[in-house]
Amino acid sequence: MSQDSNTEAVARPVNFIRNIINDDLASHKHDHVHTRFPPEPNGYLHIGHAKSICLNFGLAQDYQGECNLRFDDTNPSKEELEYVEAIKQDVSWLGFEWSGEPKYSSNYFDQFYQYAVELIEKGLAYVCFLNAEETRAYRGSLTEAGKDSPYRDTSPEENLTLFAKMKNGDFKEGECVLRAKIDMASSFMCLRDPALYRVRFEHHHQTGDAWCIYPMYDFAHCISDAIEGITHSLCTLEFQDNRRLYDWVLDHLEDFNRPDRPHQYEFSRLNLEYTVMSKRKLHQLVSDNLVSGWDDPRMPTISGLRRRGYTPASLRDFAERIGISKVDSMTGMDILEASIRDDLNKVAPRSMAVLNPVKLVIENFDGEPLSIQAPIHPQNEAMGKREIFFGRELYIDRADFLEEAPNGKYQRLALNKEVRLRNAFIVKGVRVDKDEAGNITTIYGTYDPETLGKKPADGRKVKGVIHFVEASTALPAVFRIYDRLFTVENPVKEPDFEAVINTESLVVKQGFVEAGLANSEPERAYQFEREGYFCRDNQAGEVQIYNRTVPLRDTWSKK
RNA sequence: AGGGCUGUAGCCAAGUGGUAAGGCAUCUGGUUUUGAUCCAGUGUACCGCAGGUUCGAAUCCUGCCAGCCCUGCCA
């Protein structure tokens with residue numbers, strides 16, 4: 001089938017959903033693609049949602065179709081306006097544009113009501129006065145059929161009256177529900193006469209107090225999709241059984257019982273190692289003050305990742321790398337980290353920062369600090385140069401000095417050993433000062449003035465390179481070093497996931513950055529050479545705060 | 001256990017009867033004023049297990065095993 005000449009075929013990801021779409025287009029079941037991203041506004045979006053966003057909006061882009069943003073707001077007791085605003089912002093930040101105005105399931109409350117009436121008229125729905133407990137008992141179990149509600153055979157006329165009374169507020173919360181009349185013996189529990197509407201005297205963030213009955217997800221979602229002309233309704237695996245109800249509703253409504261109506265397809269949700277992904281648990285972390293908020297840089301939320309320094313491009317790339325399938329999988333952090341490193345390596349300006357400073361005094365240097373032009377990106381000259389300084393007093397990282405080199409592989413500074421100072425001269429350790437406890441307080445050394453931008457003339461080999469900042473011009477800074485939020489791969493498996501929280505997931509360090517960073521902006525990424533990728537935090541203060549997004553790849557320390 | 005799904009290398013994941021893509025990770029070289037990047041190379045995958053059909057099976061059939069989901073008036 002595929003000809004050799006067909007090599008221009010773009011390297012688009014392949015997955016079962018694209019195969020379905022291709023088939024649907026080929027068979028003319030649909031002549032276009034229209035997807036939707038339908039979050040319930042009851043919390044902040046996380047990276048699992050990012051996967052779904054990239055899927056739905058990405059499909060629309062690739063097939064020149066459309067993707068709606070729809071707030072699935074059928075349960076006013078859990079939803080808030082704060083979340084709808086945050087969700088819009090996160091989707092936009094990720095780089096996607098929804099089709100037209102944002103939609104709300106609540107836009108269709110009138111239509112839902114009419115469709116419910118249609119089902120009642122057809123004898124396919126009834127008002128049931130069993131309470132919640134009775135309903136559960138009547139439902140049966142996984143292995144036993146349920147039994148019919150005593151209200152199941154009420155006439156359509158009477159049900160119409162009852163349903164109107166429900167809408168008018170004549171019944172109390174919990175007194176009755178509207179149920180679909182399907183099959184109390186079905187092996188699909190969701191088909192055992194599921195509730196379609198419940199009574200809730202609750203203020204809704206979109207419709208105010210106009211309604212006191214609210215549709216259930218299974219009734220509202222499929223109809224919303226159909227009203228909006230969605231072709232492919234994508235959701236996660238746990239809705240596989242619900243698909244039967246999705247189809248049942250549309251099959252029994254005159255407006256939607258047509259071949260080109262929407263169909264639901266399910267893919268597996270994202271599970272990431274060392275974190276939790278459910279909104280409930282994320283809520284708990286916030287309310288228990290285990291993190292500073294939804295946008296704590298340790299959170300897997302989109303806003304948290306953003307504050308951590310993740311870029312929209314890196315998250316989109318991540319979504320592409322993990323792909324779409326129906327396998328229950330646990331994705332490693334390494335893929336996420338590879339995505340952000342790949343992006344930042346290309347675009348992040350280089351800079352130097354010393355996180356655990358110790359003073360290095362260059363004994364044979366005197367006078368004013370020397371200005372040096374250093375490349376902003378060693379592999380990309382077009383990014384230009386920056387000014388750094390070299391002087392008599394420098395800071396280097398304590399981890400870059402040992403009085404005695406442990407072995408031949410050691411590539412850092414030691415007494416009587418030379419090392420290159422990044423972007424500057426070759427220096428040699430001479431002696432140290434220590435306090436009473438034996439801690440090194442100052443390192444003294446000498447520099448070779450002939451080695452700026454060149455190798456030693458005498459041909460001697462100097463292997464290591466360490467970074468530094470000039471003491472008098474450096475800016476003090478706080479560094480927040482983040483690590484995984486949990487100590488175990490899958491915290492959800494623990495009896496109490498909060499018990500396995502990583503108490504060292506945030507370590508704060510005080511050090512210095514280059515003078516050139518005086519005007520760094522929040523969310524701007526930098527590579528602090530040899531340390532990792534950092535971004536300025538959005539918290540204002542006298543001292544700059546940098547969040548470590550991800551360390552540089554390290555193929556050496558593990559040996 | 002009644003039903004719905006899933007099992008391809010350490011982790012993701014292509015593959016839809018013709019003899020196992022790719023990414024991440026790993027390892028090995030080379031370049032390098034970041035132990036980074038970059039470049040080149042690197043995998044005995046019993047394709048969950050056992051049978052069967054076929055000239056030929058990861059792909060079809062049967063049985064078994066394992067994991068996930070379903071008994072909200074949540075989504």
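By convention in this document, chain letters (A, B, ...) are assigned in the order of the sequence lines, proteins followed by strands, and residues within each chain are numbered from 1.
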query = Would you say A:Arg553 reaches B:rU37's phosphate, i.e. side-chain N/O to OP1/OP2 under 4.0 Å?
reply = yes
ask   = Is the shortest side-chain N/O distance from A:Arg200 to OP1 or OP2 of B:rC74 below 4.0 Å?
value = yes
A:Trp556-B:rG35 aromatic stacking (under 5.5 Å, under 30°) =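 Yes, the aromatic ring of A:Trp556 stacks with the base.
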Pair listing, ring-ring contact (aromatic ring centres under 6.0 Å, His included) test, anchored in residues 177-199 of chain A, at least two apart =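 As it turns out, the ring-ring contact (aromatic ring centres under 6.0 Å, His included) pairs with a partner in residues 177-199 of chain A, which skip direct neighbours, are A:Phe163-A:Tyr197, A:Tyr197-A:Phe219.
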task = Is it possible for you to check whether A:Lys167 lies under 6.0 Å from the centre of the six-membered ring of A:Tyr113, through NZ or CZ, and within 45° of that ring's axis?
result =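 Cation-pi check for A:Lys167 and A:Tyr113: passes.
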So what does [X] hit on the nucleic acid, given a heavy-atom distance under 4.0 Å: a base, only sugar-phosphate, or nothing?
X	value
A:Ile324	sugar-phosphate
A:Leu452	base
A:Ser77	nothing
A:Ala338	sugar-phosphate
A:Asn75	sugar-phosphate
A:Pro38	nothing
A:Asn19	base

key: All pairs passing salt bridge (Lys or Arg N to Asp or Glu O under 4.0 Å) where residues 321-337 of chain A contributes a residue, at least two apart   = A:Asp317-A:Arg321, A:Arg321-A:Asp342, A:Glu337-A:Arg341
query = Can you pull the salt bridge (Lys or Arg N to Asp or Glu O under 4.0 Å) pairs that have at least one residue in residues 127-149 of chain A, sequence neighbours excluded?
reply =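 Sorted result for residues 127-149 of chain A: A:Asp148-A:Arg152.
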inquiry  = On RNA chain B, does the nearest nucleotide to A:Asn131 precede the nearest nucleotide to A:Glu273 from the 5' side, or the other way round? Give the residue.
reply    =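 Comparing both residues, the 5'-ward one is A:Glu273.
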query = Nearest nucleotide by nearest heavy atom, which residue falls closer to the 5' end of RNA chain B, A:Gln411 or A:Asp334?
reply = A:Asp334
Minimum-distance nucleotide (side-chain atoms of [X] versus [options]):
X	options	result
A:Ile322	B:rC12, B:rG7, B:rA25	B:rC12
A:Arg244	B:rC73, B:rA13, B:rC5	B:rC5
A:Asn15	B:rA14, B:rA75, B:rG35	B:rA14
A:Arg198	B:rA75, B:rU26, B:rC12	B:rA75
A:Asn345	B:rU37, B:rC74, B:rC12	B:rU37
A:Arg350	B:rG35, B:rU34, B:rA75	B:rU34
A:Thr143	B:rG35, B:rA1, B:rA14	B:rA1

inquiry  = Taking atom types as they are modelled, would you say the side chain of A:Gln379 forms a donor-acceptor pair with the base of B:rA36 within the 3.5 Å cutoff?
reply    = yes
message = Looking at the base of B:rU34, is there any donor atom on it, or on the side chain of A:Glu531, that sits under 3.5 Å from an acceptor on the other one?
response = no
key: A:Arg36/A:Glu228 salt bridge by N-O under 4.0 Å criterion   =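 Looking at A:Arg36 together with A:Glu228, the answer is no, because their closest N to O distance does not fall below 4.0 Å.
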request  = Check salt bridge (charged side-chain N to carboxylate O under 4.0 Å, His left out) between A:Asp62 and all other residues, then give those that pass, not counting sequence neighbours.
outcome  =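 Counting only residues at least two positions away or on another chain, A:Asp62 forms a salt bridge (charged side-chain N to carboxylate O under 4.0 Å, His left out) with A:Arg12, A:Arg18.
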So which protein nitrogen or oxygen atoms get under 3.5 Å of nucleotides 67-71 of chain B's nitrogens or oxygens?
from, atom 1, to, atom 2, distance (Å)
B:rU71, O3', A:Arg139, NE, 3.4
B:rU71, O3', A:Arg139, NH2, 3.3
B:rU71, O2', A:Arg139, NE, 2.8

message = Which residues pass the side chain to side chain contact (heavy atoms under 4.5 Å, CB included) test with A:Ala185, not counting sequence neighbours?
response = A:Ala145, A:Asp183
remark   = In this structure, CD1 of A:Ile182 is separated from CG of A:Leu245 (nearest 0.5 Å) by 5.0 Å
